[in-house]
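A short write-up of the structure that comes next.
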There are 2 protein chains.
Amino acid sequence: MKIEQTIKIAVDAIVFGYTNQTIHVLLIKQKLGQLKNQWALVGGFVKNGETLTKAVKRELQEEAGIEVDYMEQLYTFGDDVNRDPRFQVISVTYFALVNSTNLTLTADTDAEEAQWFPVNELPELAYDHKEIVQLAKERLQRKLTYQPIGFDLLPTKFLFSDLERLYCSILEQEIDRRNFRKKMLSYGVIEETEEYAPQKSGRPAKLFRFNKQKYMELSMESSGYKIDFV
Amino acid sequence: MKIEQTIKIAVDAIVFGYTNQTIHVLLIKQKLGQLKNQWALVGGFVKNGETLTKAVKRELQEEAGIEVDYMEQLYTFGDDVNRDPRFQVISVTYFALVNSTNLTLTADTDAEEAQWFPVNELPELAYDHKEIVQLAKERLQRKLTYQPIGFDLLPTKFLFSDLERLYCSILEQEIDRRNFRKKMLSYGVIEETEEYAPQKSGRPAKLFRFNKQKYMELSMESSGYKIDFV
DNA sequence: ACAAAAGTGTTAATCTTACACCCATGT
DNA sequence: ACATGGGTGTAAGATTAACACTTTTGT
């Protein structure tokens, strides 16, 4: 069998982080090539013999010095033959989340500059990356309602109010505080710690922790985890 | 920039059809190559300049002479470097449905033989295709509950009882006939026709039709379509 | 004492589930 | 008249949605 394929395979990562009560996306400023100075997603070509997952993790490390806390495949873009102006590139994109304690970036080549951008204030993006981010945003919204991925955006111990603000900011809607807490706690996957976080003002708040173990048990038996609001 | 990539890109399609009250998967018997006589999914390498979607449609036409009624990307397999024993191949897989009036297969090269298999009685499959089918089956199950894709497996006009059996067979569970009908009709996306289908025995049954228009309107405003049962 | 955020329950409305008998036809 | 599958309603239970005051701290 003869195959003369010249199509290239790349991976790109859409990494979400949560700081200042806002969802952010990780972007890289291209310092080389014809797209110099444009912002783009972390990504690059897959090496021979490398798996897709490894390629993404390598790029994340190389371009931003970051390790993510959650990652899953998002979509493969290959229906616009000219999405990369140089030649035909198919991009397998990944959706990733980082815990807000691990947000520090350190691009280790000086070919790039990595930076967090609030998801609603993105600069112009190279290639079709705007479209990719949009898709990722929708995935994040939907996923949040049926899987406990919000916890991968928060520190291990967090305030209930932060969790709530996280949901508000991702889902872009108001949430009833009492109903939210009631429902969240009803699944038994969040536990109180004995610690309190001092607030700038107001009553001190208990810190909570996500119990992954409990969630696993829950999802085995019932698959009934669902957090959605009107 | 130098890129010496030797990884190949393939597409594979998991096509579901519904006959004899059972979900079937379309398979191809390899008549050439080292995997001769093994059953596999429809698929092949992407040509230079070809989009992914076009590649899948071309393969479906070439290998089975079929046009599908619904298609979406499923997943890209590339984390097992040896999934193809010959060389590194990344496969972008597609999930497809054919209307049960369009099931006729006509492989137009004699390199292959196309055949429908009941999803629970599959032969040994080549490569990692068993895993792919499994993933597709799960997607079909989940998708059925929040999108009206069941209608792409039935003729334009269908019996309510067929729709119900379709859901039973895909979701692998019993369904209360009254509650199912009530809920389905409550969305207003299914309309009665004036026609009756003569039954082998028993009371003649009305034929129904899916109103895509209505569904679009519904999903614009509320996104509240959900068909799930315990 | 007041400002600021945390914490907490009840009720009405809606949706879901469970369940059994009559209907229209062909033989 | 009987066998076969089609067609229909109701009531109890569960879930969701709406809603406002008290608590604890710092200033």
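Source: prediction; values computed, not measured.
The local environment of NZ in A:Lys57 is sparse, with at most 12 non-hydrogen atoms from other residues, nucleotides or ligands closer than 6.0 Å.
In this structure, B:Gln199 atom CD and C:dC23 atom C1' are separated by 14 Å, rounded to whole Å. The CG-P distance, from B:Asn179 to C:dA20, rounds to 13 Å in whole Å. Counting to the nearest Å, the P atom of C:dA5 and the OH atom of A:Tyr196 are 19 Å from each other. Between the C1' atom of D:dG5 and the NZ atom of B:Lys206 lies a distance of 15 Å, rounded to the nearest Å. Atom CG in B:Asp162 sits roughly 11 Å away from atom P in D:dG7 (whole-Å rounding). Between the C1' atom of D:dG7 and the CZ atom of B:Arg178 lies a distance of 10 Å, rounded to the nearest Å. Atom-to-atom, CE of B:Met184 to P of C:dT16 comes out at 13 Å; the value is rounded to the nearest Å. Here the P atom of nucleotide D:dG7 and the CD atom of B:Glu164 are 11 Å apart, to the nearest Å.
Listed for the A:Asp128 side chain is no donor-acceptor partner under 3.5 Å among the backbone atoms of A:Glu131. Using modelled atom types, one side-chain atom of B:Asn99 and one backbone atom of B:Thr101 make a donor-acceptor pair closer than 3.5 Å.
For A:Lys182 and C:dT10, a side-chain-to-base donor-acceptor distance below 3.5 Å is present, hydrogens and geometry of angles not being considered. Side-chain atoms of B:Arg181 and base atoms of D:dG7 include no donor and acceptor less than 3.5 Å apart.
Nearest to the side-chain atoms of A:Arg203 among the listed nucleotides D:dG5, C:dA5, D:dA18 stands C:dA5.
Side-chain atoms of B:Thr53 and A:Asp79 include a donor-acceptor pair closer than 3.5 Å.
Residue A:Ser161 places at least one side-chain N or O under 4.0 Å from the OP1 or OP2 atom of C:dA6.
Place A:Asp176 and B:Gly202 on DNA chain C by their nearest nucleotides, and A:Asp176 ends up nearer the 5' end. Residues B:Phe160 and A:Lys183 both approach DNA chain D. Their nearest nucleotides, taken by heavy-atom distance, put B:Phe160 toward the 5′ side. Sequence order on DNA chain C of the closest nucleotides to B:Lys226 and B:Pro204 puts B:Lys226 first from the 5' end.
Note on ring orientation: taking the six-membered ring where Trp is involved, the planes of B:Phe158 and B:Phe151 are tilted (angle from 30° to 60°).
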